[in-house]
Number of protein chains: 2
Amino acid sequence: MNKKEQILNATLKLIVQKGIESTPMSEIAKAADTGMGAIYNYFPNKESLVSELYFHLKTKESAIIAYGYDSSLSVKQRFIYLWKKMISYFLAEPLDFMFLEQFYYSPSIDPVAKHNGSLYLKDLDQVYLDGQAQQIMKEGDIKEWIGFTSGSLVSLVKLHHSNYIRLKEETINNYIQAAWDAIKS
Amino acid sequence: MNKKEQILNATLKLIVQKGIESTPMSEIAKAADTGMGAIYNYFPNKESLVSELYFHLKTKESAIIAYGYDSSLSVKQRFIYLWKKMISYFLAEPLDFMFLEQFYYSPSIDPVAKHNGSLYLKDLDQVYLDGQAQQIMKEGDIKEWIGFTSGSLVSLVKLHHSNYIRLKEETINNYIQAAWDAIKS
DNA sequence: GGTGATGTATGGAATATTCATTCCATTTTA
DNA sequence: TAAAATGGAATGAATATTCCATACATCACC
């Protein structure tokens, strides 16, 4: 019954299907079972509708990954916990994942908006900092290392959702272990 | 003086700057210093202009990576050679890289077209096959492992080109070594 | 070589379509 | 009963594609 949610959900589904630029507002209205008026009542224009959806999902992502996180675990345990949570979330919510990817890679989107969403990385940063301090992780720029790890794992999720591969629960752990092998010193 | 090349070059530059959907044909014409007629003489429509550009670049990529490749080297040497070549090419040609990424992530593009471009992986496949046969690489689906390695390295290139990190020549070798550490058994 | 004829390439104006956004009459809510 | 929310038609701008008049190249024949 919440119109705004209906609109956001319809937007998510349609944009994942057809892309941001090929999704007309009129079609969003139809899918959300409403009219133009309602949409423009909640969102001043298409761009802010899309970027509000982005922040909504980024918040959801952060919350899910951070939930149950125990910062007193060992470096390796925390490493595994965080990446595992991320993969599980992205596998469980294909729409969320594909929208976030598409938004991130869209050049027509305000670049400032994109990086604002990536602020939940505090915990992850700390894991890598601790790992280097304890000399169990390789040296080097932490932003680069996080990009490296995340690249390998996100890439698997992406290939899974485009049906190029079919990830199985037990192999996921192997890939997280491999990501660890890459960075451990 | 070759009109077709001019058009493809202008398209590449503009699409990387503003995105596929926000690049009007009229602007391509202007940038290529020509008119609509010329463009539609060479390409039946916008979509085929863009996908011809994609295949053009994919062919270029394959040629560059395969050039000088010696299939008699050891598994590890071949692994390093191929990935190093790929990274170097993508670092040296930001426009090529960013266009390929953008095309790959665009849902409005025929999905069949995309995967047709990714078939030059024969040599890479062979490296991983040999590596597993010799038991120096971890077991598992080869498509997945290639996705894993490529994800980590491409991700670094991407962050480099969005100025989030600044890759240095010598650290690149470290990351390739790390990618090897991830997969070696 | 010169001359015309035939087809191809080109530029850009005209057309048709596709939307984002606006507007307003009507309905719902408080 | 006033204010807010809604649906959907009307508007206007953007732009892919078509069309055509002109320029250019290629070649046949003298």
Side-chain angles (χ1 to χ4, degrees), chain A residues 1-57 99 102-103 105-114, chain B residues 1-57 99 102-103 105-114:
Chain A
M1 193 47 69
N2 183 341
K3 279 276 164 194
K4 196 173 174 183
E5 290 267 319
Q6 278 178 33
I7 293 166
L8 286 171
N9 286 338
T11 305
L12 175 61
K13 198 178 317 177
L14 284 174
I15 282 185
V16 166
Q17 255 170 37
K18 335 189 354 152
I20 296 175
E21 312 279 347
S22 312
T23 300
M25 292 294 261
S26 58
E27 212 163 324
I28 294 177
K30 206 185 304 168
D33 202 27
T34 182
M36 305 276 83
I39 296 185
Y40 281 90
N41 185 32
Y42 292 108
F43 308 95
N45 52 46
K46 187 178 178 181
E47 189 181 332
S48 65
L49 163 57
V50 175
S51 64
E52 181 159 338
L53 179 54
Y54 175 74
F55 287 117
H56 176 67
L57 293 178
F99 174 84
Q102 188 178 140
F103 184 89
Y105 281 93
S106 164
S108 55
I109 293 297
D110 175 20
V112 180
K114 290 182 192 168
Chain B
M1 192 48 71
N2 182 341
K3 277 276 163 194
K4 196 173 175 183
E5 292 266 321
Q6 277 178 33
I7 293 167
L8 286 172
N9 286 339
T11 305
L12 175 61
K13 198 177 318 178
L14 285 175
I15 283 186
V16 167
Q17 254 170 39
K18 338 190 349 153
I20 296 175
E21 313 278 348
S22 314
T23 300
M25 292 296 261
S26 58
E27 211 163 324
I28 294 176
K30 207 185 302 167
D33 203 27
T34 182
M36 305 276 83
I39 295 185
Y40 280 89
N41 185 35
Y42 292 108
F43 309 94
N45 51 48
K46 188 177 176 180
E47 188 182 331
S48 66
L49 163 57
V50 175
S51 65
E52 181 159 338
L53 178 54
Y54 175 75
F55 288 115
H56 176 68
L57 293 178
F99 174 83
Q102 187 176 144
F103 184 89
Y105 282 92
S106 162
S108 56
I109 292 298
D110 175 21
V112 179
K114 291 183 194 170

For side chain to side chain contact (heavy atoms under 4.5 Å, CB included), just list the numbers for Thr23(A) and Thr11(A), CA-CA rounded to whole Å, side-chain angles, deciding distance to a tenth of an Å, and then say yes or no. CA-CA 8 Å; Thr23(A) 300; Thr11(A) 305; over 6 Å; no

Contact letters for nucleotides 22-30 of chain C, in which S counts primed atoms plus P, OP1 and OP2 and B counts the base, heavy atoms under 4.0 Å: B--------

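- Going from atom CD1 of Ile20(B) over to atom P of dA16(D) covers 12 Å, rounded to whole Å.
- If you take CE of Met25(B) and C1' of dT18(D), they are 12 Å apart, rounded to a whole angstrom.
- Whole-Å rounding puts the Ile28(B) CD1 to dT17(D) P distance at 11 Å.
- Comparing Gly35(A) and Asn45(B) by the nucleotide of DNA chain D that holds the closest heavy atom to each, the one mapping nearer the 5' end is Gly35(A).
- Spacing between atom NZ of Lys3(B) and atom C1' of dA23(D) amounts to 13 Å, rounded to whole angstrom units.
- Separating the CG atom of Asp33(B) from the C1' atom of dA9(C) is a distance of 15 Å, rounded to the nearest angstrom.
- Protein atom CD of Glu27(B) is 15 Å distant from nucleotide atom P of dG12(C), rounded to whole Å.
- The side chain to side chain contact (heavy atoms under 4.5 Å, CB included) search around Asn41(B) returns none, not counting sequence neighbours.
- Put simply, the side chain of Asn9(A) never gets that close to the backbone of Leu12(A): no donor and acceptor are under 3.5 Å apart.
- Residues meeting the salt bridge (Lys or Arg N to Asp or Glu O under 4.0 Å) test with Glu5(A), sequence neighbours left out: none.
- Residue Asn41(B) contributes atom CG, which lies 15 Å from atom C1' of dG12(C) at whole-angstrom precision.
- Between dA9(C), dT6(D), dA16(D), one nucleotide has an atom nearer to the side chain of Tyr42(B) than all others, and that is dA9(C).
- The main-chain N or O of Ile15(A) is found under 3.5 Å from a side-chain atom of Gln102(A) such that the two form a donor-acceptor pair.
- The distance from atom CD of Glu21(B) to atom P of dA20(C) is 11 Å, rounded to the nearest whole Å.
- Aromatic ring orientation, Tyr54(A) versus Phe99(A): tilted (interplanar angle from 30° to 60°).
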